[in-house]
Amino acid sequence: MNLYLGLDFGTSGARAIAIDAEGTVQAQASYPYVATASKDWVTSWQTALFALIEKIPLELRQSIRAIAIDGTSSTVLICNSAGRPIDEPILYNDARGAAVLEMLQAIAPANHSVISATSSLAKLLWWTQQPQFAQVRYFLHQADWLSFLLHGKLGISDYHNSLKLGYDAEQLCYPAWLESLPMSPLLPQVVAPGTPIGPIKAAIATQFSLRPDCLVCAGTTDSIAAFLASGAQIPGEAVTSLGSTLVLKLLSQTRIDDTQFGIYSHRLGEWWLVGGASNTGGAVLQKFFSSEQLETLSEKIPTEQESSLHYYPLQHPGERFPINDAALAPQLEPRPEDPVEFLHGLLESMARIEAQGYELLQKLGATPLKQVYTAGGGANNSAWTKIRERQLKTSVVRSAQTEAAYGTALLALRNCNQIL
């Protein structure tokens, strides 16, 4: 039996899922990052990587044919010629790149997705101004570096992780304006996500009783891995993540990019994964209701009736998608005395915002919406699902799998089998 291992490196811990050729889960494990006073992320990630492999039962470990890793988008490292990090990694949400935004605006085309304080390119540009930069030989994303620990080949990335570095996923090359920069020799070679890079290092294969011909594949980002896990496969299918915020991803035959609304597209084979994110979501619900209240009150909502309450539920002022207004104030009035009526209004309003988001993507040229898969905590709320189906005017189903590690395992399975 051949197994395929997906490793997901999230914000607080890592997870592993091993699947067989039919996609059935055969083993899974999780590992929280080790808390250290110095926030030594490199040690935490490396410890988690090998701990997760060791947590897979020995008899299954010996059947792993391929491994792929996903990481958080725009979490990056600078390394020396041996692949050792020479500074602490800069995490996905670190906005120190704001210090070089003017410089970045002078380099990149107007409205390019890299013009952001948290983009990979902004972080690289910030590093060029630091004293240790002379030692840098490789610039890598989190998933790139962790994969290197397994296959031993430096300077290789995938076009999902490299999108916010400026890589052109449509032309499959770095644009001329990026290649002309002095630091361009540090940019990784970019391949398609899931591409087999090489066999696992012999020493690691021996240490963990892995097959010597186990392939290590190029990775992806955690959000795309979650989309792959959902079961969505054809243009018009979408995934809504109902977490603390509301994130939409629609598989489209057409690429859509609009920096005004924070919309950008990832290449997914021959199609495009078009995404946008609203600041509404579960964090607002948790401000007013406990988990138990959400469950019991939701059961009492008359889901076949549309709420007359029109809110714009936000925790703080400011929205980007589907409305671009940095000063948009939360709209949570009037608040009825009946908590069921209030919750109904909140869920209905969030469903309207979700529908507006998909309408905007389609207005900009994306493939028409056919079906929505749901991930995140809100996927378990059947009342919300019925309300969303009414607003979206399409079927809404729970994602087949919700773990990003499952999507990464699928990536390894599908791409490995193409070359066998």
Side-chain angles (χ1 to χ4, degrees), residues 223-224 226-254 256 258 261-265 268 271-285 294 297-299 301-314 319-324 331 341 343-402:
S223 63
I224 294 182
F227 181 90
L228 295 173
S230 71
Q233 295 186 46
I234 61 174
E237 293 185 331
V239 173
T240 297
S241 178
L242 298 175
S244 57
T245 59
L246 180 72
V247 181
L248 314 185
K249 291 187 181 296
L250 172 62
L251 195 56
S252 173
Q253 292 170 307
T254 310
I256 305 296
D258 193 317
F261 295 102
I263 298 169
Y264 58 90
S265 296
L268 208 60
W271 297 317
W272 296 93
L273 190 55
V274 182
S278 168
N279 291 334
T280 194
V284 181
L285 297 176
L294 284 172
L297 294 175
S298 293
E299 293 174 354
I301 292 174
T303 56
E304 69 284 355
Q305 299 175 17
E306 182 165 1
S307 171
S308 60
L309 297 168
H310 284 255
Y311 299 138
Y312 207 104
L314 298 171
E319 177 67 305
R320 190 170 185 183
F321 173 88
I323 296 172
N324 180 21
Q331 298 170 31
E341 189 179 348
L343 178 58
H344 187 186
L346 290 173
L347 296 181
E348 191 88 49
S349 297
M350 290 180 186
R352 289 190 193 106
I353 293 168
E354 181 184 1
Q356 290 167 11
Y358 283 118
E359 286 167 8
L360 177 59
L361 296 179
Q362 292 165 91
K363 181 181 177 182
L364 294 171
T367 298
L369 184 67
K370 295 176 181 174
Q371 179 165 290
V372 176
Y373 293 82
T374 308
N380 300 318
N381 190 315
S382 59
W384 199 359
T385 298
K386 291 173 184 175
I387 293 170
R388 292 169 57 226
E389 284 187 320
R390 179 161 41 73
Q391 288 288 344
L392 292 166
K393 298 179 175 59
T394 192
S395 63
V396 175
V397 297
R398 281 199 66 185
S399 294
Q401 296 281 343
T402 58

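Because the structure is predicted, anything quoted here is derived from the model rather than measured. For the numbers below, each heavy atom of this structure counts, side chains included, while hydrogens, waters and symmetry mates do not.
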Check for a donor-acceptor pair, side chain of [X] on one end and backbone N or O of [Y] on the other, with a separation under 3.5 Å.
X: Glu237; Y: Ile234; answer: yes
X: Thr367; Y: Gly236; answer: no
X: Ser349; Y: Tyr311; answer: yes
X: Ser244; Y: Gly282; answer: no
X: His310; Y: Gly345; answer: no

Between [X] and [Y], what is the shortest heavy-atom contact and its length?
X: Gln391; Y: Ala351; value: CG-CB, 3.7 Å
X: Ile224; Y: Leu268; value: CG2-CD1, 4.1 Å
X: Ala232; Y: Phe227; value: CB-CZ, 3.7 Å
X: Phe321; Y: Phe261; value: CB-O, 3.5 Å
X: Thr385; Y: Ala379; value: OG1-O, 4.3 Å
X: Tyr312; Y: Pro322; value: OH-CD, 3.6 Å

Less than 4.5 Å apart, any side-chain heavy atom of [X] and any of [Y]?
X: Ile387; Y: Ile301; answer: yes
X: Leu361; Y: Leu369; answer: no
X: Leu343; Y: Leu285; answer: yes
X: Gln371; Y: Val396; answer: no
X: Thr254; Y: Ile256; answer: yes
X: Glu348; Y: Leu309; answer: no
X: Val284; Y: Met350; answer: yes
X: Leu251; Y: Trp272; answer: no

Quiz item: Are any of the side-chain nitrogens in Glu306 or Arg352 under 4.0 Å away from the carboxylate oxygens of its partner?
Solution: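 Here Glu306 pairs with Arg352 in a salt bridge, since their nearest N and O are under 4.0 Å apart.
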
Quiz prompt | Check ion pair Lys386-Glu304 (N to O, under 4.0 angstrom) | solution =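 Salt bridge: no.
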
Straight-line distance of [X] [atom1] to [Y] [atom2], nearest 0.5 Å:
X: Gln356; Y: Lys363; atom1: CD; atom2: NZ; result: 11.5 Å
X: Leu360; Y: Leu250; atom1: CG; atom2: CG; result: 11.5 Å
X: Asp258; Y: Ser265; atom1: CG; atom2: OG; result: 10.5 Å
X: Glu299; Y: Leu294; atom1: CD; atom2: CG; result: 11.5 Å

Self-check item: Donor-acceptor pair between Glu319 and Ser278 side chains, under 3.5 angstrom
Solution: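 Distance-only check passes for Glu319 and Ser278.
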
Quiz item: What's the verdict on side chain to side chain contact (heavy atoms under 4.5 Å, CB included) for Gln331 and Leu314, showing C-alpha distance, side-chain angles and the deciding distance?
Solution: CA-CA 7 Å; Gln331 298 170 31; Leu314 298 171; over 6 Å; no

Practice problem: Walk me through it: do Asn279 and Arg320 pass the test side chain to side chain contact (heavy atoms under 4.5 Å, CB included)? | Solution: CA-CA 8 Å; Asn279 291 334; Arg320 190 170 185 183; 5.7 Å; no

Self-check item: For Thr240, side chain to side chain donor-acceptor pair (under 3.5 Å) partners two or more places apart
Solution: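 For Thr240, the residues satisfying side chain to side chain donor-acceptor pair (under 3.5 Å) (neighbours in sequence not counted) are Glu354, Tyr358.
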
Exercise. Report the C-alpha separation of Ser230 and Arg398 in whole Å, then their side-chain angles, then the decisive distance to 0.1 Å, and conclude whether the side-chain hydrogen bond (donor to acceptor under 3.5 Å, both in side chains) test is met.
Key: CA-CA 8 Å; Ser230 71; Arg398 281 199 66 185; over 6 Å; no

Quiz item: Checking side chain to side chain contact (heavy atoms under 4.5 Å, CB included) for the pair Thr394/Val372: CA distance, chi angles, key distance, verdict?
Solution: CA-CA 7 Å; Thr394 192; Val372 176; 4.1 Å; yes

Quiz item: Of the options Asn380, Asn381, Thr303, which is the one that meets Ser298 in a side-chain hydrogen bond (donor to acceptor under 3.5 Å, both in side chains)?
Solution: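 Result: among Asn380, Asn381, Thr303, Asn381 is the only option passing the side-chain hydrogen bond (donor to acceptor under 3.5 Å, both in side chains) with Ser298.
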
